[in-house]
K.L.:
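One structure, pasted below without further comment.
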Amino acid sequence: MDSLFDEGERAAEARVAPLAVRMRPRTLDEVVGQQHLLGPGAPLRRLVEGDAPLSVVLWGPPGTGKTTLAMVIAQSTRRRFRELSAVTAGVKDVRQVVEEARRALSDTGAQTVLFVDEVHRFSKTQQDALLPSVENRWVTLVAATTENPFFSVISPLLSRSLLLSLQPLSDDDVRTVVHRALERELPDVTVEPAAEDFLVRLAGGDARRALTALEAAAVEPVLTLELLERAVDRAAVRYDKDGDQHYDVISGFIKSIRGSDVDASLHYLARMLEAGEDPRFVARRLVVSASEDIGMADPSSLQVAVAAAQALELIGMPEARINLAQATVHLSLAPKSNAVIAGIDSATADVRAGLTGTVPPHLRDSHYAGARKVGVQGYRYPHDFPGGVVAQQYAPDPVVGREYYSPGGLGVERVASERLAGLREVLRGDRRVQAEDVASGFRPRCKPPLPTAQELTKHGELEEK
């Protein structure tokens with residue numbers, strides 16, 4: 001849909017427009033949040049105040065003000081405003097608006113702001129159709145996307161535009177929007193503190209969601225929590241992102257993963273996300289848990305957790321809840337081991353206790369003239385020896401023989417434990433490398449063979465009895 005930006009038209013529509021539309025800022029100073037783009041000397045303020053015909057791509061989650069900023073740019077610079085939705089518009093619509101803008105610029109000198117919402121839904125051909133207008137500055141393109149533009153916007157269009165990243169509104173920002181709406185549009189409505197807190201949490205950084213819920217619930221002079229819950233058909237999750245609930249629920253989440261209770265883990269995940277917890281905080285805790293509670297028992301857990309965190313940044317919420325759930329399930333079901341954190345903590349304790357010492361002479365840097373004169377020689381290159389391992393001292397003298405890493409007997413660590421024992425024997429000169437060592441992965445020769453699946457099953461049945 002495209003429409004001429006006009007004061008009279010806007011005033012007429014305001015009488016029936018949704019609250020979120022009526023509360024849309026008209027100037028940059030009325031915009032809440034995004035101070036990194038709107039502060040003195042910031043990119044967007046320079047664009048508006050300098051009246052430069054520069055195209056921009058606005059990238060951010062829903063409800064952060066992408067459409068609002070496009071309209072503010074148009075109004076503040078007194079330009080014509082045209083809007084296209086990539087959901088419904090085709091190449092023909094794009095070319096028609098561009099041709100109209102080109103004629104207006106040629107005939108009257110009037111510049112046009114073309115706002116393309118959800119530009120990531122445009123095909124490559126449709127995005128290509130925008131290039132001439134951007135290249136020749138027939139329009140000031142403001143393209144909005146909730147997806148990573150480096151993946152969803154063609155490079156030629158991206159290189160000709162200023163990329164501006166919008167951040168989710170903070171709780172204080174959303175609260176400011178709510179207070180402003182009550183003062184300006186709903187002066188006869190009072191919101192109880194509990195209802196206001198729920199409204200802010202419900203918004204999840206999306207001002208439009210907060211205003212929509214407020215309008216739906218404001219049917220009585222006093223808006224209570226119960227009224228708000230009925231209006232949005234959703235129970236309020238008792239959760240304080242800055243208080244005890246924040247720490248208690250995330251603690252329950254991590255301990256449920258550690259305890260391999262996948263159902264409890266998913267419950268706490270849903271509880272946090274429904275309450276408006278920052279999903280990036282949850283993703284970070286999953287990455288930590290993958291190494292702290294699982295480690296080498298299932299090395300793929302770290303990959304899964306990191307992939308979930310990256311997926312969150314790539315696609316955003318609410319879709320990324322699925323990726324976070326997958327990581328939660330994987331980590332909950334994975335075999336557990338704290339050997340990695342125990343190893344680094346043990347090594348750190350020795351370092352803090354002063355057990356450091358100098359690097360053995362044969363390991364020191366030798367890539368300079370005179371290295372041999374100061375005793376830097378004697379390094380045995382492991383690749384020159386059978387199996388790629390050879391006996392020599394690696395640790396400083398004060399910690400020779402210290403064993404920091406003690407793998408457990410679950411998952412991949414079961415195999416790693418045997419390999420580690422064999423490697424330590426070779427490194428300390430307790431045994432020579434033989435062909436069978438290389439073939440067996442340096443497992444101790446006297447180690448009993450691994451139990452079969454049938455033996456493990458039988459052992460489990462005996463324990464149950």
Side-chain angles (χ1 to χ4, degrees), residues 20 23-77 79 81 113-120 134 140-153 155 157-181 200-201 203-211 241-242 276-284 309-318 320:
M23 288 303 301
R24 186 164 280 157
R26 302 184 183 187
T27 67
L28 285 183
D29 292 333
E30 291 182 6
V31 176
V32 176
Q34 315 306 336
Q35 288 306 303
H36 62 297
L37 301 178
L38 302 174
L44 204 54
R45 187 168 290 277
R46 291 203 314 269
L47 171 65
V48 171
E49 295 177 349
D51 203 18
L54 180 65
S55 295
V56 297
V57 174
L58 301 176
W59 172 30
T64 51
K66 296 184 291 296
T67 304
T68 292
L69 288 174
M71 298 184 71
V72 167
I73 291 172
Q75 186 177 31
S76 299
T77 56
R79 298 175 186 171
F81 183 78
V113 171
L114 172 57
F115 176 61
V116 179
D117 196 16
E118 298 191 81
V119 68
H120 58 272
V134 173
T140 294
L141 175 67
V142 180
T145 177
T146 56
E147 296 191 5
N148 191 327
F150 292 104
F151 295 96
S152 59
V153 179
S155 297
L157 187 58
L158 200 57
S159 66
R160 290 166 173 77
S161 307
L162 180 64
L163 176 61
L164 302 178
S165 178
L166 279 66
Q167 302 300 322
L169 299 185
S170 68
D171 287 354
D172 288 339
D173 291 334
V174 174
R175 206 176 294 273
T176 297
V177 171
V178 171
H179 289 172
R180 189 179 292 176
V200 171
R201 289 201 305 270
D206 185 333
R208 183 169 52 239
R209 186 186 302 170
L211 293 174
K241 288 196 286 184
D242 298 316
E277 179 61 82
D278 184 353
R280 292 171 296 184
F281 168 72
V282 178
R284 289 194 295 269
Q310 291 174 336
L312 173 62
E313 296 298 328
L314 177 63
I315 65 173
M317 295 292 287

K.L.:
List for me each residue that meets side-chain contact (heavy atoms from CB on, under 4.5 Å) alongside T145, sequence neighbours excluded, and say none if there are none.
P.N.:
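Expected list: V57, W59, V119, H120, E147, P149, S152.
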K.L.:
Quick one: side-chain contact (heavy atoms from CB on, under 4.5 Å) partners of T27, sequence neighbours excluded?
P.N.:
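Per chain and number, T27 pairs via side-chain contact (heavy atoms from CB on, under 4.5 Å) with D29, E30.
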K.L.:
I need the minimum non-hydrogen distance between M71 and F81, along with the two atoms involved.
P.N.:
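So the two residues come closest at CG-CZ, 3.7 Å.
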K.L.:
Rounded to the nearest 0.5 Å, how far apart are CZ of R209 and CG of L169?
P.N.:
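The CZ atom of R209 sits 11.0 Å away from the CG atom of L169.
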K.L.:
Could you measure the distance from the CG atom of L114 to the OG atom of S55? Nearest 0.5 Å is fine.
P.N.:
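L114 atom CG to S55 atom OG measures 8.5 Å (nearest 0.5 Å).
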K.L.:
Taking atom types as modelled, find out whether D173 and T176 have a side-chain donor-acceptor pair closer than 3.5 angstrom.
P.N.:
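On atom types as modelled, these side chains do not qualify, holding no pair under 3.5 Å.
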K.L.:
Taking all heavy atoms of P61 and all of L166, pick out the closest pair and write down the distance.
P.N.:
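Looking at all heavy atoms of both residues, the closest pair is CD-O, 3.6 Å.
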K.L.:
Check side-chain contact (heavy atoms from CB on, under 4.5 Å) between Q167 and all other residues, then give those that pass, not counting sequence neighbours.
P.N.:
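Residues passing side-chain contact (heavy atoms from CB on, under 4.5 Å) with Q167: Q34, H36, S165, R280.
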K.L.:
Which heavy-atom pair separates F150 from N148 by the least distance, and what is that distance?
P.N.:
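Heavy-atom minimum between the residues: N-OD1, 3.0 Å.
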K.L.:
Check step by step if side-chain contact (heavy atoms from CB on, under 4.5 Å) holds for L69 and L38.
P.N.:
CA-CA 10 Å; L69 288 174; L38 302 174; 4.2 Å; yes
K.L.:
Might you point out which heavy atoms bring A20 and L211 nearest each other, and give the distance in Å?
P.N.:
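Heavy-atom minimum between the residues: CA-CD1, 3.7 Å.
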K.L.:
Can you tell if the side chain of V142 reaches within under 4.5 Å of the side chain of L58, non-hydrogen atoms only?
P.N.:
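The answer is yes; the side chains approach within 4.5 Å.
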K.L.:
Would you name the heavy atoms of P25 and V72 that are closest together and state the gap between them?
P.N.:
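Where P25 meets V72 most closely, the heavy atoms are O-CG2, 3.6 Å.
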K.L.:
One pair to check against side-chain contact (heavy atoms from CB on, under 4.5 Å): M317 and L312. What are the steps and the verdict?
P.N.:
CA-CA 7 Å; M317 295 292 287; L312 173 62; 3.9 Å; yes
K.L.:
State the CG-CG distance between L162 and L141, to the nearest 0.5 angstrom.
P.N.:
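Taking CG in L162 and CG in L141, the distance rounds to 11.5 Å.
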